[in-house]
Amino acid sequence: MTTLIINGETRQFDEIGTLDALIDTLALRGKRIAIEHNGEIVPRSQHAHTRLCDGDTLEVVVAVGGG
Amino acid sequence: MQDALTIAGKSYQSRLLVGTGKYRDFQQTADALDASGCEIVTVAIRRVNLGQTAGEPNLLDFLPKNRYTLLPNTAGCYSADDAVRTLRLARELLDDHRLVKLEVLGDPNNLYPNMRETLKAAETLVKEGFDVMVYTSDDPIAARELEQIGCCAIMPLASLIGSGMGILNPWNLQLIIEQANVPVLVDAGVGTASDAAIGMELGCDGVLMNTAIAAAQDPVRMARAMKLAVEAGREAHLAGRMPRRFYSATPSSPLEGVISSRKG
C-alpha cells in the first residue's frame, strides 16, 4: 500500500508508479490541470518521469470561475 | 490601436476586465463576457474535485482561447507563500502564462488586502518573471512601493470586494493615479455602471469587476452597461470636464432677444 496526500486528503493506493499513472487512476486524463509534488511544480513533460513514494504530498489544481 | 490600454507590453482595446465567478452557469459567464467586450478575464485556481470529475465541464472550455487573455488570481490566499505557489501552478496550468493578478487577503470578513504579504509576494513573483497586476489598498505609499518592485499594474480597491459600495475614496485613487507610471485599475467595489464611469473619469486606466455583473438581475445586460460606462468615463476623462462653478449659474441660451415684459 502507498499513501499519498492529495489536495489535503490522505489516500491509499495498491500500487502507484509515476505521476502519469496516477493521473489515470484519478480519472484526470485529458483535463487541464497543474500538479505540485512535495511543494515543487511538475511540468507536464515530467509527469511520466516523476516517481511517487509513500507519504508524498500532491496538489492538483484546475482553473475555476473567480474574480 | 487607438487609445489602447497597454499592460506588460500588450495592448488592449477594452478597458474593462471581468471576473468569471458567481454566474449561474458557464454559458451565462460566456454570454456576459461577450456582452462586456472585455479582453482580459480573471480565473481562480482551485484544487480539482477528486472522484466526481469525469465529464464535468470546465470553465476554460467556455472561454475561446484566442479571444481572451486569462488573468489567474490568488483569491483566497492569506500568505505570500500560498499566493506564489498558486501562481506557479497557474503558470504551469496555462502553458507558461506570465500575466497574473496578485491578491493576498488579510481578513475573511472584509477581504481587505494584507499589504505586507502582498509586497513580499510581489517581490518574489517579479523576480520569477511574472507580470504582476496587484490588488492593493488605496494607500498611495503602498501603491508606489508596488510599482517600485516592478508590478505592471496597480489595482486599488474602490470599496470592499463584492460589496457594490462604489468608489468611497476618490481622493486616494486620484493620488495613486497622479503618481503612477504604470496603469492604475479600480479593482473591487464597483456596484453599478455609474461607479465604473466615475472611476474612469478620475483617470483610472481600467476597471476590473465581477460581482457587479454576476450578481445583477440580468448579468448580460449589466455587462453591456459596464462596457458603455467604461467607454463613457474614458471619453469624459479625455475630453476634460468643464470647471465646477459654485453658487453661480450660467445660462446656455442667449441672453438677448427674449420675449418678455420683464424690465432690466
Side-chain angles (χ1 to χ4, degrees), chain A, chain B residues 17-23 25-26 28-29 41-56 58-63 70-76 81-82 85-97 101 103 111 135 161-162 187-188 208-214:
Chain A
M1 286 290 248
T2 308
T3 301
L4 299 174
I5 301 156
I6 307 174
N7 290 352
E9 279 177 41
T10 303
R11 289 174 156 244
Q12 304 228 306
F13 299 89
D14 289 337
E15 192 187 343
I16 218 77
T18 63
L19 194 50
D20 199 58
L22 180 71
I23 288 170
D24 280 328
T25 307
L26 297 175
L28 295 172
R29 178 72 57 202
K31 290 198 176 290
R32 260 184 109 178
I33 54 171
I35 303 176
E36 191 193 74
H37 175 225
N38 294 337
E40 299 290 330
I41 303 291
V42 187
R44 228 159 293 165
S45 60
Q46 294 301 309
H47 288 179
H49 309 293
T50 303
R51 295 211 71 81
L52 297 172
C53 301
D54 199 41
D56 280 0
T57 300
L58 295 160
E59 291 288 343
V60 187
V61 301
V62 289
V64 302
Chain B
L17 288 68
V18 180
T20 54
K22 302 199 230 178
Y23 294 90
D25 51 35
F26 288 143
Q28 190 185 59
T29 312
V41 301
T42 64
V43 297
I45 304 298
R46 288 291 179 272
R47 285 171 163 172
V48 70
N49 194 0
L50 292 170
Q52 44 193 354
T53 56
E56 194 179 279
N58 182 267
L59 170 67
L60 297 182
D61 301 333
F62 285 80
L63 306 178
L70 297 180
L71 185 64
N73 70 23
T74 60
D81 283 350
D82 283 352
R85 280 175 68 198
T86 299
L87 293 177
R88 285 177 185 149
L89 280 161
R91 180 156 74 180
E92 164 62 16
L93 180 69
L94 302 174
D95 307 315
D96 203 31
H97 181 88
K101 172 181 162 180
E103 59 179 291
L111 302 180
Y135 173 61
I161 293 173
D187 180 0
L208 196 166
M209 65 180 74
N210 190 152
T211 311
I213 295 175

Taking non-hydrogen atoms and a cut-off under 4.5 angstrom, which of residues 41-59 of chain A neighbour chain B?
A/Ile41, A/Val42, A/Pro43, A/Arg44, A/Glu59

Working for salt bridge (charged side-chain N to carboxylate O under 4.0 Å, His left out), residues B/Asp95 and A/Arg32:
CA-CA 10 Å; B/Asp95 307 315; A/Arg32 260 184 109 178; 3.4 Å; yes

Show the nearest heavy-atom pair for residues A/Val62 and B/Val48, with the distance to one decimal.
CG1-CG2, 3.7 Å

Do you know which of B/Gly21, B/Ala90, B/Gly19, B/Pro72 has the most heavy-atom pairs with chain A at a distance under 4.5 angstrom?
B/Gly21

Pair count under 4.5 Å, heavy atoms only, with chain A: among B/Asn210, B/Asp187, B/Ile161, B/Leu93, highest is B/Leu93

In terms of heavy-atom contacts, B/Lys101 and A/Gly67 come closest through NZ-O, 2.7 Å

Between chain A and each of B/Leu71, B/Leu89, B/Leu94, B/Val43, count heavy-atom pairs under 4.5 Å; write down the option with the most.
B/Leu89

4.5 Å side-chain heavy-atom contact, B/Ile45 and A/Val61
yes

Can you name the closest pair of heavy atoms from A/Gly8 and B/Arg47 and give their distance?
N-NH2, 3.7 Å

Name the region of B/Lys22, side chain, backbone, both or neither, that has any atom closer than 4.5 Å to a heavy atom of chain A.
neither

Within 6.0 Å of CD in A/Glu15, more than 12 heavy atoms from elsewhere:
no

Under 4.5 Å to a heavy atom of chain A? For B/Leu63 that would be neither

Side chain, backbone, both or neither: which part of B/Leu60 has a non-hydrogen atom closer than 4.5 Å to chain A?
side chain

Which heavy-atom pair separates B/Ala44 from A/Gly65 by the least distance, and what is that distance?
CB-O, 4.0 Å

For atom CG of A/Asp24, decide whether the heavy atoms of other residues, nucleotides or ligands shown that lie under 6.0 angstrom number more than 12.
yes

Atom group of A/Ile6 that falls short of 4.5 Å from chain B, counting heavy atoms
both

